[in-house]
Amino acid sequence: MVRKQLAQRGIRDQAVLHAMETVPRHRFLPAAVQSQAYEDRALPLTEGQTISQPFIVALMAEALALTGSERVLEIGTGSGYAAAVLSLLAAEVYTVERSPTLAKLARERLAELGYHNVHVVVGDGTIGLPEHAPYNAISVTAAAPWVPMQLREQLADGGHMVIPVGGHAEQILLRVTREGSMTRSSQLGGVRFVPLVGRHAWDDG
Ligand code: SAH
């Protein structure tokens with residue numbers, strides 16, 4: 001996979017391309033779909049969740065404009081794959097997952113593979129993770145009905161947040177940049193994520 005496909009689709013950041021090449025995506029997948037690990041598409045995990053398409057992981061990482069020194073917050077650990085990619089591009093990654101089952105699997109896998117700067121926390125990511133805020137970058141990998149205010153508040157000045165916002169079927173990937181008490185947004189394209197379920201997003205069932 002990766003370098004050629006991603007570069008062809010417009011990913012330019014060399015550090016992102018290198019991270020995508022380095023992280024063994026198959027290790028984050030259930031056995032049944034491991035053989036498809038290096039195709040550029042989303043795949044099923046347990047608990048009805050999905051691991052994102054590599055291109056989208058790369059696009060989101062690139063949009064965060066990381067230089068290696070940042071503290072990053074990810075909402076929606078899932079398999080832990082995107083967190084592993086981010087961990088190669090930043091100093092510390094805090095990642096919040098609402099499913100204790102997925103969080104446990106991801107934590108074990110990340111430790112096994114040596115991604116020691118990733119911290120997996122079980123909880124409702126729609127309230128962020130105030131104890132380690134502010135974050136230089138925030139990546140939300142589940143679909144939100146709006147940008148939760150708590151996440152906006154936990155973004156450091158000058159920091160970027162990427163977040164899919166829209167309905168259940170499809171969303172627009174937004175890049176939100178904090179500038180003092182204001183935020184500026186730009187659109188990165190159409191995407192499809194599983195819903196962000198929590199206090200400041202979609203209701204549970
Ligand atoms: N980044 C993941 C893919 C995420 S799929 C990867 O690389 O594999 C979306 C994940 O968001 C699911 O695991 C789902 O359980 C989780 N999720 C949904 N709502 C959440 C919330 N409020 N807080 C934390 N995690 C949430």
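Read the numbers this way: they start at 1 and go in the same order the structure lists the ligands and their atoms. Everything quoted here is computed from the prediction, not taken from an experiment.
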Visitor: So if I count the atoms of ligand 1 from 1 in the order they appear, which ones are less than 4.0 Å from some heavy atom of V96?
Guide: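 Going through ligand 1 atom by atom, the ones under 4.0 Å from V96 are 24 (C), 25 (N).
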Visitor: Is there a heavy atom of P195 sitting under 4.0 angstrom from any atom of ligand 1?
Guide: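 Flag set, P195 near ligand 1.
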Visitor: I'd like to know if the side chain of R199 and the backbone of I127 have a donor-acceptor N/O pair within less than 3.5 Å.
Guide: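 Checking the backbone N and O of I127 against the side chain of R199, no donor-acceptor pair under 3.5 Å is found.
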Visitor: Can you check whether S79 has an N/O within less than 3.5 Å of an N/O in ligand 1?
Guide: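 Yes, since at least one N or O of S79 sits under 3.5 Å from an N or O of ligand 1.
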Visitor: Which residue owns the protein heavy atom closest to atom 15 (O) of ligand 1, what's the atom, and how far is it?
Guide: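 In this structure, atom 15 (O) of ligand 1 has E97 OE2, 2.6 Å as its nearest protein heavy atom.
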Visitor: Give the residue and atom name of whichever protein heavy atom lies nearest to atom 7 (O) of ligand 1, and the separation in Å to one decimal.
Guide: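 Residue, atom and distance for the closest contact: A82 N, 3.0 Å.
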Visitor: Hey, does V23 have a side-chain heavy atom less than 4.5 Å from the side chain of Y115?
Guide: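 Yes, at least one pair of side-chain atoms sits under 4.5 Å.
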Visitor: Report yes or no: does A83 have a heavy atom closer than 4.0 Å to ligand 1?
Guide: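 No.
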Visitor: Checking side chain to side chain contact (heavy atoms under 4.5 Å, CB included) against F193, which of I56, T50, V165 comes through?
Guide: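 So, applying the side chain to side chain contact (heavy atoms under 4.5 Å, CB included) to F193 and each of I56, T50, V165, only I56 qualifies.
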Visitor: Flag A142 as yes when one of its N or O atoms lies below 3.5 Å from any N or O atom of ligand 1, and as no otherwise.
Guide: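 No.
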Visitor: Show the atoms of ligand 1 that are less than 4.0 angstrom away from any heavy atom in V194.
Guide: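 Close to V194: 5 (S), 9 (C).
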Visitor: Tell me the contacting part of V57 for ligand 1: side chain, backbone, both, or neither, using a 4.0 Å heavy-atom threshold, strictly below.
Guide: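 Within the 4.0 Å criterion, V57 makes no contact with ligand 1.
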Visitor: Same hydrophobic cluster for L102 and L129, using side-chain heavy-atom links shorter than 4.5 Å among ILVMFWY?
Guide: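 No, separate clusters.
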Visitor: Does the side chain of P148 come within less than 4.5 Å of I163's, by heavy atoms?
Guide: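 Sidechains of P148 and I163: in contact.
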Visitor: Got a donor-acceptor contact below 3.5 angstrom from the R184 side chain to the E179 backbone?
Guide: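 Judged by distance alone, no pair lies under 3.5 Å.
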Visitor: Need the ligand 1 atom indices (1-based, order shown) with element for anything under 4.0 Å from a heavy-atom of G123.
Guide: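 Checking each atom against G123, I get 23 (N), 24 (C).
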Visitor: Atoms of ligand 1 less than 4.0 Å from L102 heavy atoms?
Guide: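 By the 4.0 Å cutoff, the relevant atoms are 13 (O).
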Visitor: Select the closest option to atom 14 (C) of ligand 1 among Q49, R25, H200, judged by heavy-atom distance.
Guide: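 Closest candidate by heavy-atom distance is Q49.
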Visitor: Can V85 be said to touch ligand 1, with heavy atoms closer than 4.0 Å?
Guide: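 No, V85 has no heavy atom closer than 4.0 Å to ligand 1.
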Visitor: Do the side chain of E97 and the main chain of A103 share a donor and acceptor less than 3.5 angstrom apart?
Guide: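 No.
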Visitor: Can a donor-acceptor pair be found, under 3.5 Å and without considering hydrogens, that links the side chain of D40 to the backbone of F55?
Guide: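 Confirmed, D40 side chain pairs with F55 backbone.
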Visitor: Considering only protein heavy atoms, which is closest to atom 19 (N) of ligand 1, and at what distance to one decimal place?
Guide: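 Answer for atom 19 (N) of ligand 1: V197 N, 3.0 Å.
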Visitor: Using the side chain to side chain contact (heavy atoms under 4.5 Å, CB included) definition, which of the options L59, I11, V16 pairs with L6?
Guide: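 Only match with L6 under side chain to side chain contact (heavy atoms under 4.5 Å, CB included): I11.
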Visitor: Below 4.5 Å, heavy atoms only, C-beta onward: do R12 and E62 meet side chain to side chain?
Guide: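 SC-SC contact between R12 and E62 confirmed.
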Visitor: Donor-acceptor check, side chain of T141 to backbone of I75, threshold 3.5 angstrom: yes or no?
Guide: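 Such a contact is found between T141 side chain and I75 backbone.
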Visitor: Closest non-hydrogen protein atom to atom 11 (O) of ligand 1, residue and atom name please, with distance?
Guide: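 Among all protein heavy atoms, the one nearest atom 11 (O) of ligand 1 is G76 CA, 3.3 Å.
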Visitor: Which ligand 1 atoms, with their elements, are less than 4.0 angstrom from a heavy-atom of L196?
Guide: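 Those qualifying, in numeric order: 19 (N), 20 (C), 21 (C), 22 (N).
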Visitor: Can you check which of M60, R199, R98 brings a heavy atom nearest to atom 20 (C) of ligand 1?
Guide: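 Result: the heavy atom closest to atom 20 (C) of ligand 1 is in R98.
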Visitor: Quick check: is I172 connected to I138 through a chain of hydrophobic side chains (ILVMFWY, heavy atoms under 4.5 Å apart)?
Guide: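 Yes: a chain of side-chain contacts under 4.5 Å links I138 to I172.
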Visitor: Check for me, please, whether Y81 and L64 land in the same ILVMFWY cluster - side-chain distances under 4.5 Å, paths through other members count.
Guide: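 They do share one cluster, since a chain of ILVMFWY contacts under 4.5 Å joins Y81 to L64.
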Visitor: Tell me which part of T141 gets within contact of ligand 1: side chain, backbone, both or neither, using heavy atoms under 4.0 Å.
Guide: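 Both of them.
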Visitor: Ignoring angles and geometry beyond distance, decide whether D124 reaches within less than 3.5 Å of ligand 1 through its nitrogen or oxygen atoms.
Guide: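 Yes.
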Visitor: Relative to the heavy atoms of I51, which atoms of ligand 1 are at a distance of less than 4.0 Å?
Guide: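 Listed by number with element, the hits are 8 (O).
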Visitor: Decide whether the shortest distance between a heavy atom of E74 and an atom of ligand 1 is less than 4.0 Å.
Guide: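 In this structure, E74 qualifies as a contact of ligand 1 - some heavy atom is under 4.0 Å.
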Visitor: Suppose we measure from atom 3 (C) of ligand 1 to each protein heavy atom; which comes out shortest, and what is that distance?
Guide: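 I find the closest protein heavy atom is T50 O, 3.4 Å.
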Visitor: Consider side-chain hydrogen bond (donor to acceptor under 3.5 Å, both in side chains). Of R107, H132, E92, which one does H119 pass it with?
Guide: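 Of all the options given, the one that passes is E92.
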Visitor: Counting non-hydrogen protein atoms only, what is the nearest one to atom 23 (N) of ligand 1? Give residue, atom name and distance.
Guide: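 It is G125 N, 2.8 Å.
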Visitor: List the closest protein heavy-atom neighbour of atom 2 (C) of ligand 1: residue, atom name, distance to the nearest 0.1 Å.
Guide: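 Scanning the protein heavy atoms, the shortest distance from atom 2 (C) of ligand 1 goes to T77 O, 3.3 Å.
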